[in-house]
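Working notes, beginning with the structure itself.
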Number of protein chains: 2
Amino acid sequence: MSATKAARERATIVDVARAAGVSRQTVSNVLNRPELVAAPTRDRVRQEIVRLGFAPNVAAQQLRRRRASAYGFEVNPSLVGKMGHILDGFLVELTTTAPGHQSHLVTFTADRDDVLAGYRQLLGTGLVDGFIVGDTRYGDPRPAWLVESGVPFVAFGRIWDLPALDQWVDVDGRAGMRTAVEHLLAEGYGSVAFLGWPVGSPAGDDRRQGWLDGLAGSTADTPSLVEESVQDLNRATCAAARLLERMGGAGAILCASDLLALGAMRAVRAAGLEPGSDIGVVGMDDSDVAEALELTSLRQPLREAAVAAWRILHGDPKGRAPALLAPTLIIRNSSTRSQEKKP
Amino acid sequence: MSATKAARERATIVDVARAAGVSRQTVSNVLNRPELVAAPTRDRVRQEIVRLGFAPNVAAQQLRRRRASAYGFEVNPSLVGKMGHILDGFLVELTTTAPGHQSHLVTFTADRDDVLAGYRQLLGTGLVDGFIVGDTRYGDPRPAWLVESGVPFVAFGRIWDLPALDQWVDVDGRAGMRTAVEHLLAEGYGSVAFLGWPVGSPAGDDRRQGWLDGLAGSTADTPSLVEESVQDLNRATCAAARLLERMGGAGAILCASDLLALGAMRAVRAAGLEPGSDIGVVGMDDSDVAEALELTSLRQPLREAAVAAWRILHGDPKGRAPALLAPTLIIRNSSTRSQEKKP
DNA sequence: TCGCAGAGTTGGAACGATCCAACCAGCCCG
DNA sequence: CGGGCTGGTTGGATCGTTCCAACTCTGCGA
């Protein structure tokens, strides 16, 4: 379907001007600076705009304004469909809130060899003004390059390498974990162990710290209550099993991700115990798996993150500040002692 | 970050022309119709393009060509994060393959009250030339409207209401189910029961038919081997339990979705049996849950679907045809009798 | 020798909006 | 009564590219 159907002529600003008996520029003013136009004129023009179904041509605006009002969003095949992948949800929330900022999003993929190629491309052709950068990691070349190039952007995830940069939004995993510990203690699980990722990942270390925060003041023997596993179900199950041995058939396991928590639930069942009534289990990210398996988890506030991202991108340069948002604890059977049985 | 940094001047086509000692138009020809330009001139111009880092301004092209080379993709908050939601994966594959078609994607959301509002908006401003429409359903007003408006589009999912339309790609759930039945029989499960959605959903009925196809020729008592459930874990578990009673502790359960399959696995375990070694279970969509729980499932060929979508959208109007793609059976422990145990 | 075809190249116009400077009328003030 | 100010409106120029028609030049056949 290469040829677009015989382009039904769309009304232009000149058509509106002629119909309303004013000049081109006045119509433009009605749209962009209505306070400059006398009320009767304004109304007449607005009426004609509606009548003719006029909508300004974006390409013409972009060309003249030298601004695309569009932002690039990188999507990466390797991450999709993985548990705990929340970038899609973030993209949706960004898209939902974009019209309020007279903006839209353009998706693109990274080049295998040159991470920055896609960014250069979109910028060089003027297709976008800036970017929303997800999956920030240690050694990420993108933030530095973007700053150096003077390109507007906001990161989803702290810019770990460059603490001086404040143009990011992130979820406060640490606070979330602390909340989870408090919940588990309040439920009466006695002790709370931690199943986390190996030390060295920024988000992982942050979450672990939240667990420690929650235990602060308690007399827990923390070193014996911690196990590590990479993001793999079987490894996680084994690690959780080791943890359970030391826990003596009681307590709760707080996990750095839903996948780890899934491993924990398996280990619990393998030990002849029941998640929830015997051993509390809590995950993080509130993935579809958590929902399906009645796993208590921490939900990321993606809507708020999107709103904050736009504020940082579009807001007053002075007024902007990094946004660290607290996740919400979604309590399900895996962390409830008195199980409500299902029909 | 409202003001873009003091716009480092990008090279324009005129700069290249001047540098190469040719006219504007010749540079344009080198880019768009190189066969018209003499080889030496062409090389000289190309050299200058590289030297100056020139990239044509997309807005100017869009304006002059009266074509955006962009397509709208609707994303819907209510579907994200649900099991079996594959539209995100499709979006990624579309994005990956877009540059090959000199196109890009713009995301947008539907209005609550007016489904078509977003489509009208993007089209009216000339931001996109057409759409990729996902989640087609019975009574979907979009295809008819798009056809009537003469807007190029391709649907992911058959256009059930308008069988005459051929501009769609879809996954052949029926063929997938048939394959799954054959696999289960080959594994020696004896009988294959079906856990599906209530009759009336197009995709669901299609999948059920595939199950029947697979059993054709066998002597199975199909009516007694079928149960229905809506897309809800507890309902699915109950339905699977009813099915198990009638199956007499042997056979396999083929499910219309991973969520239903998850319910089946639960019911199997609740009956003191083990998925795989005792009762085979197969789902559909190959979600992250399937991977995590070692559930055999059918993976949708999203890459191929994206390629086909672009072909239909951009291809020769005569040469295009609807694309019905077979999913791939991903065999895991839930449908393997001789379990390979993990470390 | 001239006309013609075709390859290669060129400049003007257009796409549809906004920026900018100028214009006009009315009013107030000196 | 003239000049400055202000609210409202206007037309020309411009953003960077492609479309289109016309131009030049070379070679060739009549």
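Note on naming: letters A, B, ... go to the chains in the order of the sequence lines (proteins, then strands), and numbering restarts at 1 for each one.
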Which residue lies more 5' along DNA chain D, comparing A:Arg24 with A:Glu35 via nearest heavy atoms
A:Glu35

DNA chain D contacts among residues 38-56 of chain B, heavy-atom distance under 4.0 Å
B:Phe54, B:Ala55, B:Pro56

Ring centers of B:Phe108, B:Phe131 separated by less than 6.0 Å:
yes

Rounded to the Å, how far apart are B:Leu31 CG and D:dT18 P?
7 Å

Starting at CZ of B:Arg65 and ending at C1' of D:dG16, how long is that distance when rounded to a whole Å?
12 Å

Are the aromatic ring centres of B:Trp145 and B:Phe153 under 6.0 angstrom apart?
no

Base C:dC15 to side chain B:Gln62, donor-acceptor N/O within 3.5 Å cut-off
no

Nearest-neighbour nucleotide for the B:Arg66 side chain, D:dG11, D:dC19, C:dG16 considered:
C:dG16

Please identify which of these residues, A:Thr96, A:Thr107, A:Thr95, meets the side-chain hydrogen bond (donor to acceptor under 3.5 Å, both in side chains) condition with B:Thr107.
A:Thr95

Without decimals, in angstroms, what is the distance between A:Arg18 CZ and D:dT9 P?
19 Å

So, is A:Asn57 close to the C:dC15 phosphate, meaning a side-chain N or O under 4.0 Å from OP1 or OP2?
no

Backbone N or O of A:Leu324 within a donor-acceptor pair of the A:Asp172 side chain at under 3.5 Å?
no

Per atom distances to the B:Arg64 side chain, the nearest of C:dG16, D:dT9, D:dT18 is D:dT18

What is the distance, to the nearest angstrom, from the CG atom on B:Asp15 to the P atom on D:dT17?
9 Å

Interatomic distance where CD belongs to A:Gln102 and P belongs to C:dA17 [whole Å]:
17 Å

Of B:Ala60 and A:Val27, whose closest DNA chain C nucleotide lies nearer the 5' terminus?
B:Ala60

For the pair made of CG in B:Asn29 and C1' in D:dC20, what is the distance, rounded to whole Å?
12 Å

Donor on one side chain, acceptor on other, A:Asp43 and A:Gln47, under 3.5 Å:
no

Rounded distance (Å) that lies between atom C1' of D:dC19 and atom CD1 of B:Ile13:
13 Å

Indicate yes or no: does A:Asp170 engage A:Arg158 in a salt bridge with an N to O separation below 4.0 Å.
yes

Looking only at side-chain atoms of A:Ser28, point me to the closest of C:dT18, D:dT17, C:dT10.
C:dT18

Sugar-phosphate, base or nothing in reach of A:Val22, heavy atoms under 4.0 Å:
sugar-phosphate

Find the distance B:Leu36:CG to D:dC23:C1' and express it as a whole number of Å.
16 Å

Mind checking if A:Thr26 touches a base, just sugar-phosphate, or nothing, with heavy atoms under 4.0 Å?
base

Pick base, sugar-phosphate or nothing for B:Gln61, based on heavy-atom distances below 4.0 Å to the nucleic acid.
sugar-phosphate

Any heavy-atom pair between the side chains of B:Ser28 and B:Ile13 that's under 4.5 Å?
yes

Winner on side-chain proximity to B:Gln25, out of D:dG16, C:dT18, D:dC20, is D:dC20

For D:dT18, take OP1 and OP2 only and decide whether either is under 4.0 Å from a side-chain N or O of B:Asn32.
yes

Do any side-chain nitrogens or oxygens of A:Thr12 fall under 4.0 Å of OP1 or OP2 in C:dG16?
no

Measure from the side-chain N and O atoms of A:Arg42 to the backbone N and O of A:Pro34, and report whether any donor-acceptor pair falls under 3.5 Å.
yes

